There are 2 protein chains.
Amino acid sequence: MLLSHLFTRTSKDAAADAKSINAELLTRGGFINKTMAGVYSFLPLGLTVLRKIEQIVREEMDAIGGQEVLMSALAPREYWEKTGRWDKKVFEPLFHVPAAGEQEYALNPTHEEIVVPLVAQFVHSYRDLPFGCYQIQTKFRNELRAKSGILRGREFLMKDLYSFHPDAACLDRYYEKVQGAYDKIFQRLELTDRTYLTYASGGSFSPYSHEYQVLLPQGEDAIFVSIEAEKQGKRIAVNREIFDAQKTVCPVTGGKEFREERASEAANIFKLGTKFSEPFKLTFNDEKGAVHPILMGCYGIGISRLMGIIAEAFADKAGLVWPASVAPAQVLIVPLAKDEQEEPFTVAQDLYR
Amino acid sequence: MLLSHLFTRTSKDAAADAKSINAELLTRGGFINKTMAGVYSFLPLGLTVLRKIEQIVREEMDAIGGQEVLMSALAPREYWEKTGRWDKKVFEPLFHVPAAGEQEYALNPTHEEIVVPLVAQFVHSYRDLPFGCYQIQTKFRNELRAKSGILRGREFLMKDLYSFHPDAACLDRYYEKVQGAYDKIFQRLELTDRTYLTYASGGSFSPYSHEYQVLLPQGEDAIFVSIEAEKQGKRIAVNREIFDAQKTVCPVTGGKEFREERASEAANIFKLGTKFSEPFKLTFNDEKGAVHPILMGCYGIGISRLMGIIAEAFADKAGLVWPASVAPAQVLIVPLAKDEQEEPFTVAQDLYR
């Protein structure tokens with residue numbers, strides 16, 4: 001890439017987005033461009049970083065046997081009604097899109113309503129289980145406020161993996177396998193030291209969900225880091241939403257001491273149980289022909305959000321600093337002569353070629 | 001890829017989409033799955049084909065110096081009002097999306113309204129011109145009817161390149177360069193023999209736009225192929241929308257004989273002139289400091305549509321046939337023993353590894 005050919009420029013002026021550190025850094029560096037609050041375009045340098053993060057996530061999903069698909073962004077209203085989430089009182093951030101022929105579509109912020117009826121067309125037997133499929137796809141949320149740059153967008157790139165199981169033990173094993181893949185992803189992004197496996201509210205099927213929270217001074221979440229876990233070399237935390245200073249103990253170590261930190265949620269994983277299988281009648285026949293609902297897990301990672309997190313986590317006073325694994329370039333060749341005939345210029349050019 | 005691990009299956013039943021040849025073939029083969037009319041999810045095999053088409057297009061855009069970006073799918077209503085295209089009477093297929101805070105967003109079917117204000121932030125001088133930037137991105141059209149599978153979707157993947165120029169001669173040169181890149185793309189997709197450079201209606205700036213129409217028995221468009229051009233070894237046609245049996249002559253050869261064919265539009269290129277530069281005040285300073293509007297060209301290719309076109313163009317009675325360049329796999333290894341201990345199975349396994 002010849003920087004002199006780039007149509008974008010660095011800029012000292014990012015006043016429009018000054019409240020968000022990542023937006024200011026990435027805008028000034030010419031990585032992103034704000035279309036409107038919470039909606040950004042990725043410029044050549046930014047897209048390169050985004051694609052590198054995406055590729056790391058893809059490789060680790062493929063390594064655990066994830067099958068990549070690309071599901072639609074639009075969905076019929078009926079699918080969302082089936083799970084009760086079309087109702088704005090139940091799920092406020094869902095965009096309802098009026099369409100030709102007096103239809104209304106959903107603009108998907110998550111894909112349980114799409115993947116479950118899709119899988120139900122193919123999977124019927126215990127022999128088809130377990131498996132996981134994932135996508136890396138643009139999602140939409142009708143956020144009332146969006147002031148955190150690409151950390152909380154109205155439009156954002158996510159990886160979402162869904163897994164399907166005959167029983168809870170199988171789901172538990174898969175859940176651990178995904179945790180292993182996530183650990184590798186955070187390692188490759190050089191975020192391991194700042195990332196805490198954070199226990200958050202579960203659902204009817206599981207007492208907890210898990211978030212991968214990355215410490216950031218301006219992170220949107222408050223988490224309580226377990227001191228006892230840290231002493232044992234583990235990074236475990238509890239999300240404020242389920243933290244009770246009187247009662248909470250570290251779910252891993254039993255420790256009672258915590259330290260409050262600001263953090264940003266880069267990923268979350270969740271045991272869904274049969275919450276979505278049941279409304280869509282996603283079932284399987286066991287060895288004896290008996291019919292059971294399929295158990296599910298879901299595993300998200302915010303790809304564009306990770307780019308914002310990395311920007312905030314590593315930047316110094318001079319501006320953006322990227323881990324080598326996602327840097328837009330590994331080497332910058334600066335010719336020390338401007339005249340194309342001079343040797344320093346031709347040597348630089350030869351190096352580049 | 002182990003076919004036995006795929007969660008999808010081939011199927012003999014594609015009744016839901018029987019009216020569209022590509023949808024029937026691709027659904028039966030387990031390449032795509034219909035979410036609703038005009039909206040499809042891409043399954044593992046289908047996504048592999050889609051990504052290969054995408055990569056061919058990307059390589060040829062990069063080869064002519066195109067700078068890849070990723071623009072937002074959402075846009076503020078104000079941008080579309082500025083060009084007069086928010087009005088449903090002017091541009092019917094634009095989705096208007098109600099959003100929090102009594103806002104309304106556009107769900108972009110094309111990106112002139114995004115790329116022009118974006119470029120206007122960076123480009124001010126004749127020294128910045130010419131250049132082209134492109135994206136491969138999911139677009140949305142509020143189609144009243146959508147019965148052609150992935151040939152005409154409400155949601156579809158497109159490559160759109162936009163070019164920026166100080167004068168008409170520069171735009172003409174770039175336009176030809178893109179034509180060369182498109183020729184290479186159609187060659188790599190093995191579609192050259194069926195693809196006609198088709199003259200279609202232009203705008204105020206240019207008498208014609210150009211479409212790349214691929215002959216298909218069930219194509220949505222009618223084109224008139226120039227017999228004289230064919231005699232000279234060229235594939236030139238005129239779109240029915242501007243064809244007049246009494247007056248039309250082949251714009252390349254002057255020939256007056258034509259043959260009507262059904263075809264599907266895989267790509268179109270268009271000289272926009274200053275149509276979008278003017279409302280967004282996209283201007284440049286020339287060598288003497290005088291200010292002029294920038295001239296633009298736009299160059300689309302339907303990536304998901306191309307997948308549908310290829311499916312229809314090459315299929316035979318046994319089903320789908322893919323050109324090697326986009327086939328989901330180059331080699332299929334079929335073990336002739338089912339027992340994993342037998343030699344034909346272990347040899348097959350070694351071959352695969």
Side-chain angles (χ1 to χ4, degrees), chain A residues 5-9 11 30 33 35-36 38-44 46-48 50 65 67-76 78-79 92-93 95-101 103 105 107 114-115 117-119 121-123 128 131-133 135 137-138 140 142-145 154-155 157 164, chain B residues 5-9 11 30 33 35-36 38-44 46-48 50 65 67-76 78-79 92-93 95-101 103 105 107 114-115 117-119 121-123 128 131-133 135 137-138 140 142-145 154-155 157 164:
Chain A
H5 282 198
L6 271 187
F7 79 90
T8 57
R9 301 273 177 273
S11 142
N33 184 266
T35 306
M36 60 186 185
V39 177
Y40 292 84
S41 291
F42 291 84
L43 303 176
L47 183 59
T48 305
L50 193 73
Q67 299 181 39
E68 190 174 358
V69 297
L70 180 65
M71 290 183 273
S72 60
L74 294 173
E78 294 71 34
Y79 284 13
E92 206 191 349
F95 278 115
H96 294 189
V97 183
Q103 300 288 309
Y105 304 149
L107 197 48
I114 315 304
V115 76
L118 191 167
V119 164
Q121 292 176 47
F122 296 106
V123 173
D128 303 328
F131 77 94
C133 62
Q135 63 175 351
Q137 192 250 12
T138 300
F140 301 89
N142 189 7
E143 301 280 1
L144 191 56
R145 277 171 298 277
R154 295 195 161 105
E155 175 178 343
L157 192 65
F164 302 86
Chain B
H5 282 199
L6 270 188
F7 79 90
T8 58
R9 303 272 177 274
S11 142
N33 184 266
T35 306
M36 60 186 185
V39 178
Y40 292 84
S41 291
F42 291 84
L43 303 176
L47 183 59
T48 306
L50 194 72
Q67 299 181 39
E68 190 173 358
V69 297
L70 180 64
M71 289 182 274
S72 60
L74 294 173
E78 294 71 34
Y79 283 13
E92 206 190 350
F95 279 115
H96 294 189
V97 183
Q103 300 288 308
Y105 304 149
L107 196 49
I114 315 305
V115 76
L118 192 166
V119 164
Q121 292 175 48
F122 296 107
V123 173
D128 303 327
F131 77 94
C133 62
Q135 63 175 351
Q137 192 251 12
T138 299
F140 301 89
N142 189 8
E143 300 279 1
L144 191 56
R145 278 171 297 278
R154 295 193 160 105
E155 175 178 343
L157 192 65
F164 302 86

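Residue numbering restarts at 1 for every chain, and letters A, B, ... go by the order of the sequence lines. Every value quoted in this text rests on a predicted model; they were computed, and no experiment measured them.
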With side-chain contact (heavy atoms from CB on, under 4.5 Å) as the criterion, how do A/Thr138 and B/Thr138 come out once you've worked through the C-alpha distance, each side chain's angles and the decisive distance to 0.1 Å? CA-CA 9 Å; A/Thr138 300; B/Thr138 299; over 6 Å; no
Using non-hydrogen atoms and a 4.5 Å limit, figure out which bit of [X] sits close to chain B: side chain, backbone, both or neither.
{"X": "A/Thr8", "value": "both"}
{"X": "A/Gln121", "value": "side chain"}
{"X": "A/Asn33", "value": "side chain"}

Which atoms of [X] come close to chain A, meaning under 4.5 Å heavy atom to heavy atom: side chain ones, backbone ones, both, or neither?
{"X": "B/Leu47", "result": "side chain"}
{"X": "B/Leu43", "result": "both"}
{"X": "B/Thr35", "result": "both"}
{"X": "B/Tyr79", "result": "side chain"}
{"X": "B/Arg145", "result": "neither"}
{"X": "B/Met36", "result": "side chain"}
{"X": "B/Glu92", "result": "neither"}

Is the closest side-chain heavy-atom distance between [X] and [Y] below 4.5 Å?
{"X": "B/Val39", "Y": "A/Tyr105", "value": "no"}
{"X": "B/Leu74", "Y": "A/Phe95", "value": "yes"}
{"X": "A/Leu107", "Y": "B/Leu107", "value": "yes"}
{"X": "B/Val69", "Y": "A/Pro44", "value": "yes"}

Taking every non-hydrogen pair under 4.5 Å, which of B/Ala73, B/Pro93, B/Cys133, B/Gly101 racks up the most with chain A? B/Ala73
With chain A, the option among B/Val97, B/Val119, B/Leu157 that has the most non-hydrogen atom pairs under 4.5 Å is B/Val97
Could you tell me which non-hydrogen atom of [X] sits nearest to which non-hydrogen atom of [Y], and how far apart they are?
{"X": "B/Arg9", "Y": "A/Asp128", "result": "NH2-OD1, 2.8 Å"}
{"X": "A/Ala100", "Y": "B/Asn142", "result": "N-OD1, 2.8 Å"}
{"X": "A/Ser41", "Y": "B/Leu118", "result": "CB-CD1, 3.9 Å"}
{"X": "B/Gln67", "Y": "A/His5", "result": "NE2-O, 2.6 Å"}

When you measure from the side chain of B/Glu155 to the backbone of A/Ser72, do you find a donor-acceptor pair of N or O atoms at a distance under 3.5 Å? no
Determine whether a donor-acceptor pair (N or O, by modelled atom type, separation under 3.5 Å) exists between the side chain of B/Gln135 and the backbone of A/Phe42. no
What class does the angle between the rings of B/Phe131 and A/Phe7 fall in, given that below 30° is parallel, 30 to 60° is tilted and above 60° is perpendicular? parallel
